[in-house]
Protein chains: 2
Amino acid sequence: MPRPTIDDVATRAGVSIKTVSRVVNREPNVRESTREKVEKAIADLKYRPNPSAQNLASHRARLIVLVYDDPSAYEVPSSGYIIRLQQGALKACRKAGFELLIHPCNYRNSHVGRELRELIDQVRPAGIIVAAPLSNMPKIVRAIEATGTPLVRLSPGTRNGKQLTVVTNDREISAEMTRYLASLGHTRIAFITGHPSHKAVGNRYLGYRDGLEQSGLKFSESLVAAGNNSIGSGEECAMQLLKRKHRPTAIFAANDDMAAGVIRVADRLGIKVPEELSVAGCDDIALARQVYPALTTINQPLSAMAEYAAVALIASVRGKRPLLGTEIVPAALQIRESTGPAPD
Amino acid sequence: MPRPTIDDVATRAGVSIKTVSRVVNREPNVRESTREKVEKAIADLKYRPNPSAQNLASHRARLIVLVYDDPSAYEVPSSGYIIRLQQGALKACRKAGFELLIHPCNYRNSHVGRELRELIDQVRPAGIIVAAPLSNMPKIVRAIEATGTPLVRLSPGTRNGKQLTVVTNDREISAEMTRYLASLGHTRIAFITGHPSHKAVGNRYLGYRDGLEQSGLKFSESLVAAGNNSIGSGEECAMQLLKRKHRPTAIFAANDDMAAGVIRVADRLGIKVPEELSVAGCDDIALARQVYPALTTINQPLSAMAEYAAVALIASVRGKRPLLGTEIVPAALQIRESTGPAPD
DNA sequence: GTGAAAGCGCTAACAC
DNA sequence: GTGTTAGCGCTTTCAC
């Protein structure tokens, strides 16, 4: 039972192979009745075009490359992040009959540029998706740009307008988290900022301020502590905030690690979470579910972002649509156990 | 700058394309001097065969499929596991000019069999690697077997002798961990067994007993507690073991989750780790580094196992070598902070 | 709108 | 040992 070829379909539909090809590739200039005949033959025969033959004849592969930071290079907490990106990209690729080539890539390696160029030269992908933090590294973006391959960048800190960029609504969702805390009756809501170089994290601070304003609460410098994204810095900031006479009843940290640090310190100080202190994080990493109490946080829509990127790439190949602008994929609050009504 | 083809290489080397093809595919019947000429031309031109053309002409893809349990289906602590498998397989594929197609797959879905068959039919991979726990599921293994595609199973609980199986030395390394604990002066070393259905975990218990014997310690039923792989069961077992009058000075758990449970209970009971109690786990999951003190454990060589599987698959395609038997990839102790000298 | 013919870059079968 | 000749299954070009 060799699998059917385009010739089999053409014979069965009573047309030429070129017409079948047109139908398969959704090209114009096919009469509706002809298209239907061909589609029926395709369905009857369960015909699936041979990707290798398509690639060979068309000089481009039905394949998308997903580039992300190689976790083996240092630690592996990022694996959940990668898996979610893969899932989203995979979903879009499968639907379109594309393949997904994964390419972990160590940006600390001085040859990344050449490595990417060679990869592209070898597989000639229809497009490339670059995930953060790589999506913001000039040497990587430039190397890909130089090959002329369609590129989509995920959550880059800055946008250069040359490619499509997919981001999430960090600022807006952070405002929403702040409003949520306010709606629980909290009036002294503290914020722990992240590492200053991390742009997305900076947006969360802006969102926090927006949220305060939208809730009619006034901002106070004394309720902001400067962290650096690590658990340890979360602990230090928590110490600083909780030792004050008039301590906050809620602490919103710019990422989950710092929020976990807050919980740890609260435990140490005998402050009950969420009864006496609500704690919220951001990112929804695996740790958020492992701490006790489980952390209320913001779920990054990584899978949806990667899926959107892949869909856009595939559409641009097929329809010659330009890949430009910015797509905002909304995040969502993950309400768990670490937040609750403000104490009296 | 169109990339060079086999014709360019043939012209430059002054041979026919078939000879170039022979060199590229490491076929016999090429004079050494000819081979060298061709290899030089390949290097000069930076020639890389076009995979699509190779696939089309040879009716098989230079591609390996890695099948693993889809984490989206339930939780995501398995992402580190998946990433490590991918890294190993990727490494082998890159070296050989193969591609890796990743295929997360939900075995709870009743259509998995058909899904896999269709995938195989569509991409015609050179081989398939199936990771645990899928590697032990009859409906998955049978579906793949039915297609005749070369298959390698990773860490299946049972071996059926029809395919190559890659496992780790669970029993031996567990014995080593036990000897390590004994070498620290511990004489009352307890063990927490895992879920009985989990074969690999059962081997760890055997290794524990081996290790005791090799260290000249005598086994005692009273130092064994039966867990079920969860953190909670680790806590219960720890309670049971630590409340005894003559409590153990070291506890070796059949997995990291249970070991984490032990640490939690020790903390609750005011028993200092590692000063008063050494705790060791198994698997080296991300949690092992997150608990305090960081867990001494056994590092599963997942990446190396997947790499071996891919290398074997590629070799079997090229050299028509049969894929049979069992390869044992050794694990290694990860000594961290949760183990130390036995108290006086 | 549709089709015929000419490859894409490689491997397979067989000749030499 | 090495080369020749056919394809593999599709897209492209261009004719109709």
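Lettering follows sequence order; numbering is per chain, from 1.
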* Asked: Are Asp121(B) and Arg114(B) close enough for a salt bridge, meaning some N to O gap below 4.0 Å?
  -> no
* Send over the distance from Arg26(A) CZ to dG1(C) P, rounded to a whole Å. => 20 Å
* **Results of side chain to side chain donor-acceptor pair (under 3.5 Å) for Glu118(B) - residues two or more places apart only** => none
* Can you see which heavy atom on Asn106(A) is nearest to which on Val112(A), and at what distance? => O-CG1, 3.2 Å
* Asked: Which atom names give the shortest non-hydrogen contact between Ile129(B) and Ala309(B), and what distance separates them?
  -> CD1-CB, 3.8 Å
Please set out all donor-acceptor pairs under 3.5 angstrom arising from side-chain atoms of residues 142-151 of chain A, sequence neighbours excluded.
{"from": "Glu145(A)", "atom 1": "OE2", "to": "Lys162(A)", "atom 2": "NZ", "distance (Å)": "3.4"}
{"from": "Glu145(A)", "atom 1": "OE2", "to": "Gln163(A)", "atom 2": "NE2", "distance (Å)": "2.6"}
{"from": "Thr147(A)", "atom 1": "OG1", "to": "Ile144(A)", "atom 2": "O", "distance (Å)": "2.6"}
{"from": "Thr147(A)", "atom 1": "OG1", "to": "Thr149(A)", "atom 2": "N", "distance (Å)": "3.3"}
{"from": "Thr147(A)", "atom 1": "OG1", "to": "Thr149(A)", "atom 2": "OG1", "distance (Å)": "2.7"}

* Asked: Where the side chain of Asn29(B) is concerned, which of dT11(C), dT2(D), dC10(D) is the nearest nucleotide?
  -> dT2(D)
* Distance check: side-chain N/O of Ser21(A) vs OP1/OP2 of dC10(D), anything under 4.0 Å? -> no
* To do: Give the nucleotide from the list dC10(C), dG3(D), dG9(D) with an atom nearest to the side chain of Ala57(A).
  => dG9(D)
* To do: Take the C1' atoms of the five end pairs on each side of the helix from dG1(C)-dC16(D) to dC16(C)-dG1(D), derive the two axes, and give their angle rounded to 10 degrees.
  => 30°
* Side-chain (Ser21(A)) to main-chain (Ile17(A)) donor-acceptor, under 3.5 angstrom -> no
* Ignoring backbone atoms, test whether Thr19(B) places a side-chain nitrogen or oxygen under 4.0 Å from the OP1 or OP2 oxygen of dG3(D). => yes
* Structure fact -> Between CG of Asn50(A) and C1' of dG9(C) the distance, given in whole Å, is 14 Å
* Using whole Å, report how far CG of Asn55(B) lies from P of dC8(C). => 18 Å
* **Distance, rounded to the nearest Å, where Arg124(B) contributes CZ and dC8(D) contributes C1'** => 13 Å
* Asked: Within this structure, what is the CG-to-P distance between Asp7(A) and dA5(C), rounded to whole angstrom?
  -> 14 Å
* **For the student: nearest non-hydrogen atoms of Met305(A) and Val166(A), plus distance** => CE-O, 3.4 Å
* Let me know the distance between CD1 of Ile6(B) and P of dG7(C), rounded to the nearest Å. => 19 Å
* When you check the phosphate oxygens OP1 and OP2 of dG3(C), does a side-chain N or O of Ser16(A) lie under 4.0 Å from one of them? -> yes
* Structure fact -> For Glu39(B), the salt bridge (charged side-chain N to carboxylate O under 4.0 Å, His left out) test, sequence neighbours excluded, returns none
* **Sugar-phosphate only, base, or nothing, as touched by Pro49(A) at under 4.0 Å among non-hydrogen atoms** => sugar-phosphate
* To do: Check DNA chain D against residues 31-42 of chain A and give the residues with a non-hydrogen atom under 4.0 Å, in numerical order.
  => none
* Length of the CZ-C1' vector between Arg60(A) and dC8(C), whole Å -> 13 Å
* Out of dT11(C), dG3(C), dG3(D), which has the shortest distance to the side chain of Val15(A)? -> dG3(C)
* 5'-most contact on DNA chain D: His59(A) or Ala53(B), nearest heavy atom basis? -> Ala53(B)
* Asked: Should Ile314(A) and Ile64(A) be marked as a side-chain contact (heavy atoms from CB on, under 4.5 Å) after you check the CA-CA gap, both sets of side-chain angles, and the distance that decides it?
  -> CA-CA 8 Å; Ile314(A) 292 167; Ile64(A) 285 178; 3.6 Å; yes
* To do: Identify the heavy atoms of Asn136(B) and Pro156(B) that sit nearest to each other, and give their distance.
  => OD1-CB, 4.1 Å
* Output yes when a side-chain donor or acceptor of Arg12(A) lies under 3.5 Å from a complementary backbone atom of Ala41(A), and no otherwise. => no
Filtered N/O pairs between nucleotides 13-16 of chain D and protein, under 3.5 Å:
none

* Interatomic distance where CG belongs to Leu56(B) and P belongs to dT11(C) [whole Å] -> 11 Å
* **CA sep, side-chain torsions, deciding dist, call: His59(A), Arg124(A), side-chain contact (heavy atoms from CB on, under 4.5 Å)** => CA-CA 8 Å; His59(A) 300 275; Arg124(A) 308 261 161 163; over 6 Å; no
